[in-house]
> 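This is the structure I have questions about; it appears just below.
Chain letters run A, B, ... following the sequence lines, proteins first, then strands; residues in each count from 1. Remember, it's a predicted structure, so these values are computed and weren't measured experimentally.
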Amino acid sequence: MKEIALHLLDLAENSVSAHAKTIRIDVREDFRTNQLIASVEDDGDGMNDEMVKQVIDPFTTSRTERKVGLGIPLLKESAEACQGGLKITSAPGAGTKVEAIFQHSHIDRMPLGDLPSTFLTLTLAHPEIHWVFTYTFNPPYKGSIRSYEFDDQPIKETLGELPMTHPEVISYLRCSLEDGIAEARK
Amino acid sequence: MPNVKSLEDLKKIRDEAIKKRDIKTPGARVQIVVGMGTPGIAAGARDTLKEFLNLIETKGLTDIVVRQTGNFGLDSMEPVVKVKVGDEAEVTYGKVTPFVADQIMDEHILGGKVVTANLIPAEVK
């Protein structure tokens with residue numbers, strides 16, 4: 001994977017497979033603490049401790065139970081290579097949260113990548129799921145924390161019977177995500 | 001195109017579309033499904049899906065549904081895309097770069113002719 005945004009897409013697909021109804025993706029670029037934190041949180045099936053161990057290390061156990069592949073181990077390795085790490089909080093029936101932390105300035109940190117594209121494709125291609133995305137930017141030196149939140153629930157309510165993949169709706173969503181994130185980053 | 005962002009703007013889009021009877025749900029004419037498992041994503045499936053969305057947006061197409069799904073199990077062929085037009089049989093394409101997505105849109109979805117160069121034959125599936 002070349003981008004953190006692609007890893008988030010991959011993690012979100014795991015949440016979809018785990019029958020999540022609501023999926024939250026949070027990205028925080030914090031220049032004060034020199035951290036980049038990205039997380040995906042769902043209300044899906046959840047995992048017991050044994051399963052969590054399996055998804056983190058694919059080579060210690062036989063692959064029969066889980067559907068999750070190499071995405072999580074690769075992300076863990078990347079995060080650890082950048083003075084960070086990967087944390088999974090999960091319990092059966094209580095959903096799963098996967099959080100990756102990177103040292104922002106680390107030379108080996110992969111780029112954040114194209115977040116608007118990741119969010120746009122998820123929202124449009126899984127309309128049955130309630131998506132909430134937040135992007136937070138804490139600038140270096142001066143200036144206050146800026147945040148952008150995208151919640152597709154009010155959008156779906158407004159659309160009614162109009163499908164999300166209507167060309168003008170795609171345009172609306174694309175502009176909202178691109179401008180919202182760019183604005184927070186200014 | 002002006003940047004539209006508020007829900008009010010979205011309401012305008014909705015009302016305009018309803019006025020034009022621009023809504024063809026349920027049962028869109030064309031269904032595009034992009035494989036978004038880890039191998040698909042690593043091979044560039046997101047940019048392929050994005051290209052289909054760009055084409056829908058720029059060409060103003062209202063009868064196409066785009067979805068994504070998990071791994072199709074054709075890792076060496078990723079990104080893999082399934083296309084179903086009307087009552088015709090579903091077609092599976094492999095190695096669908098954004099360039100190939102353009103071809104599929106023009107030749108297959110709009111032109112009615114399958115793009116044979118990227119076709120995955122039934123015996124492989």
Side-chain angles (χ1 to χ4, degrees), chain A residues 1-3 5-14 16-17 67-75 113-114 116-128 150-151 154-180 182-183, chain B residues 1-18 20-28 30-71 75:
Chain A
M1 300 272 176
K2 285 178 280 188
E3 303 173 5
L6 289 175
H7 271 292
L8 293 174
L9 185 57
D10 186 43
L11 292 174
E13 285 299 323
N14 293 342
V16 173
S17 308
K67 281 188 190 159
V68 177
L70 277 172
I72 289 177
L74 288 172
L75 179 60
D114 190 350
S117 286
T118 286
F119 294 162
L120 183 71
T121 54
L122 284 170
T123 311
L124 288 170
H126 292 294
E128 73 284 2
F150 174 93
D151 183 337
I155 292 171
K156 282 172 184 161
E157 278 164 20
T158 306
L159 285 178
E161 54 181 328
L162 190 64
M164 300 276 273
T165 42
H166 186 281
E168 295 201 34
V169 179
I170 295 178
S171 178
Y172 172 89
L173 294 170
R174 189 177 55 73
C175 291
S176 299
L177 289 163
E178 286 174 358
D179 295 349
E183 194 67 29
Chain B
M1 182 170 285
N3 286 340
V4 281
K5 258 193 286 186
S6 72
L7 278 179
E8 285 306 310
D9 293 320
L10 192 62
K11 277 179 196 153
K12 271 183 226 153
I13 293 174
R14 178 198 61 194
D15 295 343
E16 199 59 30
I18 289 169
K20 284 192 277 183
R21 293 166 194 269
D22 217 353
I23 304 171
K24 288 170 186 150
T25 46
V30 180
Q31 288 185 36
I32 301 172
V33 181
V34 180
M36 243 357 140
T38 308
I41 295 170
R46 186 194 61 189
D47 296 333
T48 299
L49 202 160
K50 183 87 188 298
E51 181 61 17
F52 279 117
L53 296 177
N54 283 343
L55 292 167
I56 292 170
E57 192 184 329
T58 51
K59 291 174 191 278
L61 306 169
T62 52
D63 54 357
I64 300 179
V65 167
V66 183
R67 303 300 296 267
Q68 60 195 47
T69 185
N71 209 343
D75 294 7

> Answer yes or no: is there an ion pair linking Glu168(A) with Lys12(B), defined by an N-O contact shorter than 4.0 Å?
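Salt bridge between Glu168(A) and Lys12(B), a charged N being under 4.0 Å from a carboxylate O: no.
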> If I compare all heavy atoms of Gln68(B) with all of Thr121(A), which pair ends up nearest, and what's the gap?
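Closest heavy-atom pair between Gln68(B) and Thr121(A): OE1-O, 3.5 Å.
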> Heavy-atom distance under 4.5 Å to chain A: side chain of Ile64(B), backbone, both or neither?
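The backbone, not the side chain.
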> If you measure from CG on Leu10(B) to CG on Leu162(A), what distance do you get to the nearest 0.5 Å?
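It comes to 8.0 Å.
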> Check Ala17(B) against His166(A) and note the closest heavy-atom contact, atom names and distance.
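The pair with the smallest heavy-atom distance is CB-NE2, 3.9 Å.
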> In Å and rounded to the nearest 0.5 Å, what is the CG to CG distance from Leu53(B) to Leu124(A)?
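Taking CG in Leu53(B) and CG in Leu124(A), the distance rounds to 5.5 Å.
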> To the nearest 0.5 Å, what is the distance between CZ on Arg174(A) and CG on Asn54(B)?
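Those atoms lie 6.5 Å apart.
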> With respect to chain B, which residue among Leu74(A), Val16(A), Asp114(A) yields the maximal number of heavy-atom pairs within a distance under 4.5 Å?
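It is Asp114(A).
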> Taking only heavy atoms into account, what residues of residues 43-52 of chain B are found under 4.5 Å from chain A?
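Listed by number, the contacting residues are Arg46(B), Leu49(B), Lys50(B).
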> Based on non-hydrogen pairs under 4.5 Å, which of Ala5(A), Pro127(A), Gly180(A), Gly160(A) is most in contact with chain B?
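Highest number of pairs under 4.5 Å: Pro127(A).
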> Measure across Pro167(A) and Glu57(B) and return the closest heavy-atom pair with its distance rounded to 0.1 Å.
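Nearest pair, atom of Pro167(A) first, then Glu57(B): O-CG, 3.7 Å.
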> Taking all heavy atoms of Leu159(A) and all of Arg14(B), pick out the closest pair and write down the distance.
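Of all heavy-atom pairs spanning Leu159(A) and Arg14(B), the closest is O-CD, 3.6 Å.
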> Give the member of Ile41(B), Thr69(B), Ile56(B) that has the highest number of heavy-atom pairs under 4.5 Å with chain A.
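Option with the top pair count is Ile41(B).
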> Please collect all salt bridge (charged side-chain N to carboxylate O under 4.0 Å, His left out) contacts where either partner lies in residues 32-42 of chain B, sequence neighbours excluded, each pair once.
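Pairs touching residues 32-42 of chain B that pass the test: none.
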> Compare every heavy atom of Ile13(B) with every heavy atom of Tyr172(A), then report the nearest pair and how far apart it is.
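The answer is CB-CD1, 4.0 Å.
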> Based on non-hydrogen pairs under 4.5 Å, which of Val169(A), Thr118(A), Leu120(A) is most in contact with chain B?
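Heavy-atom pair counts peak at Thr118(A).
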> Going through the checks in order, is the side chain to side chain contact (heavy atoms under 4.5 Å, CB included) test met by Met1(A) and Thr38(B)?
CA-CA 9 Å; Met1(A) 300 272 176; Thr38(B) 308; 3.5 Å; yes
